[in-house]
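Count residues from 1 along the sequence. On a predicted model such as this, the values are computed, not experimentally measured, just so you know.
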Amino acid sequence: MKRVLFVIPYLVEGGTERALSNLTAYFPKEWEIDILVNDDKGVAYPFCGNIITLGITGRARTDSVLFQAGVFFKRVRRLRKLKKSGNYQACVSLLDSANVANILSGKSFCKVIVSVRSSLRQQSKLPQYKYIVIPLVKLLYNHADRVVAVSKGIEIELTTAFKLRKDKISVIENGYDFAKIQSDSFEELSVEENEKITNRKLIVTTGRLTEPKGQWHLVRAFNEVINKIPNAFLIIVGSGELENYLKELVSKYGMNGSIFFTGHVSNPYKYMVRADVFVLPSLYEGFPNALAEAVCLDIPCIACDFHTGARELLSPDEELTEDTLECIREVQYGILTPVCSGKRYMNVEEPLEKAEQQLAEAIIGLLQDDEKRKQYTIRSEMRRETLKIDMMVNKWVDVIEGR
C-alpha cells in the first residue's frame, strides 16, 4: 500500500480546500491518504482519506503572533512523528504556514513537496508576508524536494522574484470533475430566484467576498451596464467579510432591484449555468477556480488580466509576460480586461476609473453580441478538455513518485 500525507490548516470553504477535496476523491485507490489539519470542524467539502487533527480551536485568534507560533510548533512536532512512523512516499503541504512546517520537519523519512497556491508577490504588501512569509520562502523553499505551482504565472514569479530553482518546480493546475459540475448545475432555483432573473440579461460572479476578489469594482462597473442595458441583472455568489460593504455600495447606487447576493451556497453552479456572461473582477489569485468552472459550464467569460491564472485559462497558447494589459482584449476562450486599482469607493459620485469603464464596456459588448457569446460557448468545450481532474491527479502521482 502506497501512502501520502497532505497538510492543510483547515478544511473549510476555500479554493485550496476544494482543490484538495477533488484531488483526494480521484487519487488512485491503491494509495492510502492521511490529511493533517489544525481542526477538523466545519468541513466544507467531502474528503477521501483519514483526517488527523491537531485539536487546535480558536481560528478567531489567528491574528495573534503567540497563537500562530503555538500552532506552528505543534504542527512541526506532529509532522516529525508522522513522517517517522507513517511510511509515507511524500508529505504534500498546501498554503504557506503548512509549507514552512513541512520543510522544517525534515525529509529524512519521506519526500517534502510544497504547493504554492497564490501570488506571494501580490501579498507582499501585507506585514505578515513582508516580514515573515516572504523571507521564509526565499530561505526555505529551495530545500523542498519539489515545489508545485498552481499556474505558470506562479512558477515565473517564484523563479524571478524569489529565486527558486526552476528545476525544482512543477506546474499542476487544478483539475475539475465535469460530470459532477454539470450534474449540480441542473438543480432548480427557488420560485423567488426564478422571478428575479426572468427576462433579464444575467451576469454571474462567484467567490468569497474578500479584497483579492475585487467585487466592488464589478458593482461600480455594473451601474454603467444597466444604464445601457436596463434589464441586466447581476448575481454575486458567495459570502465574506466585505458583504456589508458591497451591499451598502449597491444601496447607494440604487441597484437593489438589479443585484442579488446569494450568500454562502454549497452549489454555485445552478446560478452560473444560467448566466449569459460570467465575470471575474479579481485583483489577484493563484489559479481561479471560479473562472475554470465557468469554462467547464461553457459560459462566455470576462476576466481581469491578473498575471497568475486568468490569461493562462483564457489564452493558454500565449506566452506569459510581465506586461500590463491596457485595453480590452478578446482572446481564444474569453475576454481579458485591465486589472482594477483595488481602491475601495463609497462615494458613488466618483467617476469610474479607466479599468472599471473598460470592464463595463466589455460586459455591455458581450451581452449585446449573441453571435460572439455563441462562439465563446463552443470554444469553451475545447478548453475544458485540458482541465480534467484525472489528468491533474496523474501529474501529482508522477511528482510524488519522482517521475
| Distance-only, no hydrogens or angles: does the Asn102 side chain make a donor-acceptor pair with backbone N or O of Ile113 under 3.5 Å? | yes
| Does the Lys107 side chain pair with the main chain of His143, one donor and one acceptor, at a distance under 3.5 Å? | yes
| With respect to Asp34, which candidate in Arg3, Lys83, Arg78 satisfies the salt bridge (charged side-chain N to carboxylate O under 4.0 Å, His left out) definition? | Arg3
| said: For a quick test of reading the model, state the closest non-hydrogen atom pair linking Leu283 to Cys340 and the distance between them. | reply: CD2-O, 3.6 Å
| note | side-chain contact (heavy atoms from CB on, under 4.5 Å) with Ile203: of Leu367, Asp276, Ile302, only one passes, and it is Leu367
| said: Would you say that Ser105 contacts Arg75 through its side chain, given a criterion of any heavy-atom pair below 4.5 Å between the two side chains? | reply: no
| field | Set of residues satisfying side chain to side chain contact (heavy atoms under 4.5 Å, CB included) with respect to Thr24, sequence neighbours excluded | value | Phe6, Leu20, Ile33, Ile35, Phe47, Cys48
| said: If we ignore hydrogens and angles and just use 3.5 Å, is the side chain of Ser185 paired with the main-chain N or O of Gln182 as donor and acceptor? | reply: yes
| Taking the side chain as C-beta and beyond, is there a heavy-atom pair between Leu297 and Phe278 under 4.5 Å? | no
| Test item: Ser21 side-chain N/O and Glu17 main-chain N/O as donor-acceptor pair under 3.5 Å | no
| query | Hey, does the side chain of Lys2 reach the backbone of Glu30 with a donor-acceptor pair shorter than 3.5 angstrom? | reply | no
| task | Spell out, as yes or no, whether a donor-acceptor pair under 3.5 Å connects the side chain of Ser315 to the backbone of Arg311. | result | no
| Taking C-beta and beyond as the side chain, do Phe306 and Leu280 meet within less than 4.5 Å on heavy atoms? | yes
| For Ser97 and Pro9, which heavy atoms make the closest approach, and how far apart are they? | OG-CG, 3.8 Å
| field | Asp167 and Arg165 ion-paired at < 4.0 Å | value | yes
| Regarding Arg379 and the six-membered ring of Tyr376, is the cationic atom NZ or CZ under 6.0 Å from the ring centre and inside 45° of its axis? | yes
Please report, to 0.1 Å, the donor-acceptor pairs under 3.5 Å made by any side chain of residues 216-224, with sequence neighbours excluded.
| unit_1 | atom_1 | unit_2 | atom_2 | d |
| --- | --- | --- | --- | --- |
| Trp216 | NE1 | Lys343 | O | 2.8 |
| His217 | ND1 | Glu356 | OE2 | 2.6 |
| His217 | NE2 | Gly342 | N | 3.0 |
| Arg220 | NE | Glu356 | OE1 | 3.0 |
| Arg220 | NE | Glu356 | OE2 | 2.8 |
| Arg220 | NH1 | Tyr253 | OH | 3.2 |
| Arg220 | NH2 | Pro351 | O | 2.9 |
| Arg220 | NH2 | Glu356 | OE1 | 2.9 |

| task | Could you pull out all residues at least two apart from Val133 that satisfy side chain to side chain contact (heavy atoms under 4.5 Å, CB included)? | result | Asp96, Leu120, Tyr129, Val137
| task | State, yes or no, whether a side-chain contact exists between Phe261 and Leu246 at a heavy-atom distance under 4.5 Å. | result | yes
| said: Does any part of the side chain of Leu291, heavy atoms only, come nearer than 4.5 Å to the side chain of Leu314, both counted from C-beta? | reply: yes
| task | Check whether any side-chain N or O of Asn267 sits under 3.5 Å from a backbone N or O of Asp184 as a donor-acceptor pair, and report yes or no. | result | yes
| remark: Which of Thr53, Asp40, Asp39, Ile51 passes side-chain contact (heavy atoms from CB on, under 4.5 Å) with Leu11? Answer is Ile51
| Within the side chain of Arg373, is there an N or O that forms a donor-acceptor pair under 3.5 Å with the backbone of Leu366? | yes
| task | Report yes if the side chains of Leu313 and Glu173 come closer than 4.5 Å at any heavy-atom pair, otherwise no. | result | no
| query | Under 4.5 Å between any side-chain heavy atoms of Leu359 and Val279, yes or no? | reply | yes
| task | Can you tell me which residue pairs pass the side-chain hydrogen bond (donor to acceptor under 3.5 Å, both in side chains) test with a partner in residues 203-215, sequence neighbours excluded? | result | Lys213-Glu285
| note | Those residues at least two apart in sequence (or on a different chain) that pass side chain to side chain contact (heavy atoms under 4.5 Å, CB included) with Glu193 are Leu189, Ser190, Phe260, Tyr271
| Under the criterion side-chain contact (heavy atoms from CB on, under 4.5 Å), which of Val112, Leu104, Leu36 is the partner of Leu79? | Leu36
| query | Below 4.5 Å, heavy atoms only, C-beta onward: do Met392 and Tyr26 meet side chain to side chain? | reply | no
| query | What is the minimum heavy-atom distance between Arg200 and Gly257, and which atoms define it? | reply | NH2-O, 3.8 Å
| query | Looking only at heavy atoms, which two atoms of Cys110 and Cys91 are closest? And how far apart? | reply | SG-N, 3.8 Å
| remark: Shortest non-hydrogen pair, Leu82 vs Tyr88, comes out as O-CE1, 3.3 Å
| Within the side chain of Lys168, is there an N or O that forms a donor-acceptor pair under 3.5 Å with the backbone of Asn142? | yes
| Using 4.0 Å as the upper bound for N to carboxylate O, is an ion pair formed by Lys388 and Glu385? | yes
| Closest heavy-atom contact between Lys130 and Pro135? | O-CD, 3.5 Å
| task | Please list, chain by chain and in numerical order, all residues satisfying side chain to side chain donor-acceptor pair (under 3.5 Å) with Asn22, sequence neighbours excluded. | result | none
| Sidechain-backbone polar pair: Thr159 side chain, Glu155 backbone, donor-acceptor under 3.5 Å | yes
